[in-house]
4 protein chains.
Amino acid sequence: MGIIERKEREKEQRREEIISAAEKVFMEKGLPAATMDEIAELAELSKGTLYLYYKSKEDLYVAVTMRGGEILYKLMAEATSPQKPVLERIKGLGDAYFEFFQKHRQYFRMYRYMDNPQVHKQVSEEMLGACKAKDQRIWNLGVNLMQQAIDEGLIQSRVAPVEAIVMLWAISDAMMRQIDGNSDYWKQLNVDLESTLKRSYEFILEGMMTKKGKHKFQPLKTAEEIAS
Amino acid sequence: MGIIERKEREKEQRREEIISAAEKVFMEKGLPAATMDEIAELAELSKGTLYLYYKSKEDLYVAVTMRGGEILYKLMAEATSPQKPVLERIKGLGDAYFEFFQKHRQYFRMYRYMDNPQVHKQVSEEMLGACKAKDQRIWNLGVNLMQQAIDEGLIQSRVAPVEAIVMLWAISDAMMRQIDGNSDYWKQLNVDLESTLKRSYEFILEGMMTKKGKHKFQPLKTAEEIAS
Amino acid sequence: MGIIERKEREKEQRREEIISAAEKVFMEKGLPAATMDEIAELAELSKGTLYLYYKSKEDLYVAVTMRGGEILYKLMAEATSPQKPVLERIKGLGDAYFEFFQKHRQYFRMYRYMDNPQVHKQVSEEMLGACKAKDQRIWNLGVNLMQQAIDEGLIQSRVAPVEAIVMLWAISDAMMRQIDGNSDYWKQLNVDLESTLKRSYEFILEGMMTKKGKHKFQPLKTAEEIAS
Amino acid sequence: MGIIERKEREKEQRREEIISAAEKVFMEKGLPAATMDEIAELAELSKGTLYLYYKSKEDLYVAVTMRGGEILYKLMAEATSPQKPVLERIKGLGDAYFEFFQKHRQYFRMYRYMDNPQVHKQVSEEMLGACKAKDQRIWNLGVNLMQQAIDEGLIQSRVAPVEAIVMLWAISDAMMRQIDGNSDYWKQLNVDLESTLKRSYEFILEGMMTKKGKHKFQPLKTAEEIAS
DNA sequence: TATGAATGAGAGTTCATTCAT
DNA sequence: AATGAATGAACTCTCATTCAT
């Protein structure tokens, strides 16, 4: 019986090895320019073996991005863990996303490439399903948090939690894209997009708070500003 | 002399014909799946001729997106033309972007695909330069408008005009991407992203206004709300 | 001892199971398109096990055709069994072949594909030998019958029995191939190949008969014609 | 204008060069084992160029067999040309087929492989159409000849010309297949299939003749037998 | 005996790009 | 300026077969 388990473990490990090799190649070249040959060579496996574990190049690509998704999830779950006051945790959600953006830029880019509908079509149903499930978990973190903040009377009850999260996510995501893709342009305009991003996030968050919320959140912010 | 000019004109026309053909193919298939063969056939030209006018498939792709950029520019320029009060015009900027999104979805998607750094690498310097110049003109419309609003005391002077515009753009852009790509997902969550987008835009805009600005803008909004 | 026999029996059974699975796949897809994977899955065995019983895909293919050969042999042996007059039995040989063609079309086709020298090269010596042995048994049925007819003075003695059988077989086989492969073509020409085949067969057979043979065979034929 | 014609000619020539190279490879290896790489190398062209002229390996295969068909047609047309009496020409048709079989064995085999329905599926409609057209021309030669013989009262009028030709073709084709594929087997049985074939052909032909026909044909045959 | 993971050679096909005309 | 034939590298993916367990 131990044998079966060991085999299972080895197989899982092999899958990870493949993903690791694919990760390097995809990050360096992007999906279209990456070749299965290169990935196979890096993984020290035959090309055929790759196809034993993943149905297509696109599926493998998605598998890699899911690793990024897992990282993002963990960062956000951590930021969300209930040690801190809820508003601070919502703030932390944005920070976690930014940390993901900064520390795992390549994963961020892979995600970004993948939200192209043209790419979706090449991915197997299973993979797409697994991917969406992971995404959902991430969204849920935020939505639950926001619901809690509403329940505690810190966020206006007229705000739907999902929409609130979408707004926060939207402002973050779009700006990160700009930071990533057009930083030269903005630098030459003397615009510090990073701080703009942070301020926008707080700005929107504050706008959704109740008086009670603003009261509780204020000190936090000031403390942080002192620190910076 | 007239001959040279005529030739010049003909050449320009040929470039447009090529773009028109490419446009159809790219919009239908996307960059990776489109082939120069298909474009050439549609343009009723030989493949070789395509390369006489554009250096590469990617360059041609960018040329097409620039046509979309021109459309967006015109829509925004119109919304920005000085018949209306400045705040209304800023509001109109968002509406223009949304109109572009709705009426020229394919162009929106091409833009979206193109802001991928991986794609940039394949594009010639000149093309990329021309593209950025066109982008800049669009940004400038907004920045100038915002500056004017600040000068008129309608937007808080502590807000940098560029940053203000970036925020507005960011929220719009990210949400449109969601509407375009994940509408099924949001529908099933009963989230109306379109109205969320509109409200976010106004929400951010209002947050940046002075008291004077809010005072002036209020009636507008109410009028609109009555209409809706 | 009993153990060894049981094992032997089980092994034989396993071989049959494999052939049954292979049969389905080969008949559906043909030799080139069939894959060992599919056969293994259908047989609920691992691919490796297949190779324990058969040396190659081609060997397995031949093994399946031999099953068809067995069917053909049985049909012919039945038609040949000595209840009826010998000439009728020779006639019955052709009918048996046609029955095989009609009721076991897939086997007929596999045979047809296999008489390609290119295919032979991929088959192991043993398999080819076994196959030829089975073929021989079939030929012998006819040859013996023909010999008997000659001995009985029904077929001209100047006719070599083997050659007589070859002629009858040849006309049948070639026409069945046409019926199978080009029936559309012949239908549009208003040619009923099936009856042409039957008439040709009798035509040749009669041509080889002695007067005595013709005399004896005539009533048969007439009876048949009345029935039809 | 000469330019266009020359180009056309060159293109046709290139098609022929490709067929010549393909011919060698296909004849040596058979369709499944042949590779486009090898053909391209032999043709001293790039693989891509091959696909400029032929849609697929299978199409190319058919193109080669059509060359064989042309040879067969010419042989038969020659044998059929109206210098000789019509019955002799019908006899000559069989000889022409046998000559094709003997002198162009490889083409015979390619034909033989191609009448496999599985192969048909991979061939383009155009190619298949062209192929059938060529086939038809060959059949027509025989059918017309047979009609003429009927008109001249040499062949029984109750025989449909198409069916008559089918019978003659069938006996020839099936025996040639045996000669080609199983000659060892027959040799060891001391059967001379070649002469069996010839006799069968005449046997069937004679069977269809009128008295007048037999009368005219007899001397011919005897003359031939004397010669042999 | 049975497994099934791994292989690896190589297949057919595509297509952006070039260049002689 | 325009052609379009030719290129050739590279692509993804397949599958019969092997072999350690």
Side-chain angles (χ1 to χ4, degrees), chain A residues 3-4 6-7 10-11 14-15 32-41 43-60 122, chain B residues 7 10-11 14 32-41 43-60 122, chain C residues 7 10-11 14 32-41 43-60 122, chain D residues 3-4 6-7 10-11 14 18 32-41 43-60 122:
Chain A
I3 288 180
I4 290 171
R6 200 204 56 208
K7 289 238 166 179
E10 279 174 5
K11 208 168 164 177
R14 178 61 43 103
R15 288 181 78 89
T35 76
M36 291 300 262
D37 269 306
E38 198 174 352
I39 294 169
E41 195 175 5
E44 292 177 325
L45 287 169
S46 75
K47 230 194 313 188
T49 306
L50 259 45
Y51 282 91
L52 229 51
Y53 287 85
Y54 295 96
K55 278 184 186 156
S56 69
K57 188 168 81 152
E58 281 74 19
D59 260 37
L60 186 46
Q122 319 246 39
Chain B
K7 292 234 167 180
E10 280 175 3
K11 203 168 166 179
R14 176 68 38 109
T35 72
M36 292 301 263
D37 268 303
E38 202 175 348
I39 294 169
E41 194 177 4
E44 293 177 325
L45 287 169
S46 75
K47 236 195 310 188
T49 308
L50 260 44
Y51 283 88
L52 239 45
Y53 288 86
Y54 294 97
K55 279 186 183 159
S56 71
K57 187 166 87 150
E58 281 74 18
D59 262 35
L60 187 46
Q122 320 244 40
Chain C
K7 291 234 167 180
E10 279 174 4
K11 203 168 166 178
R14 176 69 37 108
T35 72
M36 291 300 262
D37 269 303
E38 202 174 349
I39 294 169
E41 195 176 5
E44 293 177 324
L45 287 169
S46 76
K47 236 192 312 186
T49 307
L50 259 44
Y51 282 89
L52 238 45
Y53 288 86
Y54 294 96
K55 277 188 184 156
S56 70
K57 189 167 86 151
E58 281 74 19
D59 261 36
L60 187 46
Q122 320 244 40
Chain D
I3 287 180
I4 289 170
R6 199 203 56 209
K7 290 235 166 180
E10 280 174 5
K11 207 168 166 178
R14 177 63 44 104
I18 291 172
T35 76
M36 292 299 261
D37 268 306
E38 200 174 350
I39 294 169
E41 196 175 4
E44 293 177 323
L45 287 169
S46 74
K47 230 191 316 186
T49 306
L50 259 45
Y51 282 90
L52 230 49
Y53 287 85
Y54 296 96
K55 277 186 186 155
S56 68
K57 189 168 80 151
E58 281 75 19
D59 261 36
L60 187 46
Q122 318 246 41

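Remember, it's a predicted structure, so these values are computed and weren't measured experimentally. A note on names: the letters A, B, ... follow the listed sequences, proteins ahead of strands, and every chain is numbered from 1.
- Note that the CD atom of B/Glu41 and the NZ atom of B/Lys47 stand 11.0 Å from one another [nearest 0.5 Å].
- Shortest non-hydrogen contact noted between A/Ala34 and A/Lys57 is O-NZ, 2.8 Å.
- For A/Lys11, there are no salt bridge (Lys or Arg N to Asp or Glu O under 4.0 Å) partners two or more places apart in sequence or in a different chain.
- If you find the closest nucleotide of DNA chain F to B/Lys11 and to D/Lys11, the one lying nearer the 5' end belongs to B/Lys11.
- Around CD of D/Glu44, the count of heavy atoms belonging to other residues, nucleotides or ligands within 6.0 Å does not exceed 12.
- When all heavy atoms of D/Ala40 and D/Ser46 are compared, the pair lying nearest together is CB-C, 4.0 Å.
- Contact check, C/Ser46 against E/dG4: no side-chain N or O comes under 4.0 Å of OP1 or OP2.
- Separating the CD atom of D/Glu41 from the C1' atom of F/dG8 is a distance of 13 Å, rounded to the nearest angstrom.
- Rounded to whole angstrom, the span from the OH atom of A/Tyr54 across to the P atom of F/dC13 amounts to 15 Å.
- Taking atom CG on D/Leu45 and atom P on E/dT13, their separation rounds to 17 Å, with Å as the unit.
- Between the P atom of E/dG12 and the CG atom of D/Leu60 lies a distance of 11 Å, rounded to the nearest Å.
- Looking at heavy atoms from C-beta onward, D/Tyr54 lies out of side-chain contact with D/Leu50 at the 4.5 angstrom threshold.
- As rounded to whole Å, 15 Å separates atom C1' of E/dG10 from atom CD1 of D/Ile39.
- The shortest non-hydrogen separation linking D/Asp59 to D/Gln122 is OD1-O, 4.5 Å.
- Rounded to whole Å, the distance from OH on C/Tyr53 to C1' on F/dA16 is 20 Å.
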**Message:** Can you build the contact string for nucleotides 14-21 of chain E? Use B for base contact, S for sugar-phosphate-only contact, and - for no protein heavy atom under 4.0 Å.
**Reply:** BBBBB---

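- As a whole-Å value, the separation of D/Arg14 CZ from F/dG4 P is 17 Å.
- Helical stems in DNA chain F, defined as runs of 3 or more consecutive Watson-Crick or G-U wobble pairs with donor-acceptor distances under 3.5 Å: E:2-21 with F:2-21.
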**Request:** Tell me, with the steps shown, if C/Leu52 and C/Arg14 meet side-chain contact (heavy atoms from CB on, under 4.5 Å).
**Result:** CA-CA 11 Å; C/Leu52 238 45; C/Arg14 176 69 37 108; over 6 Å; no

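- Distance, A/Glu10 CD to E/dG4 P: 15 Å, rounded to whole Å.
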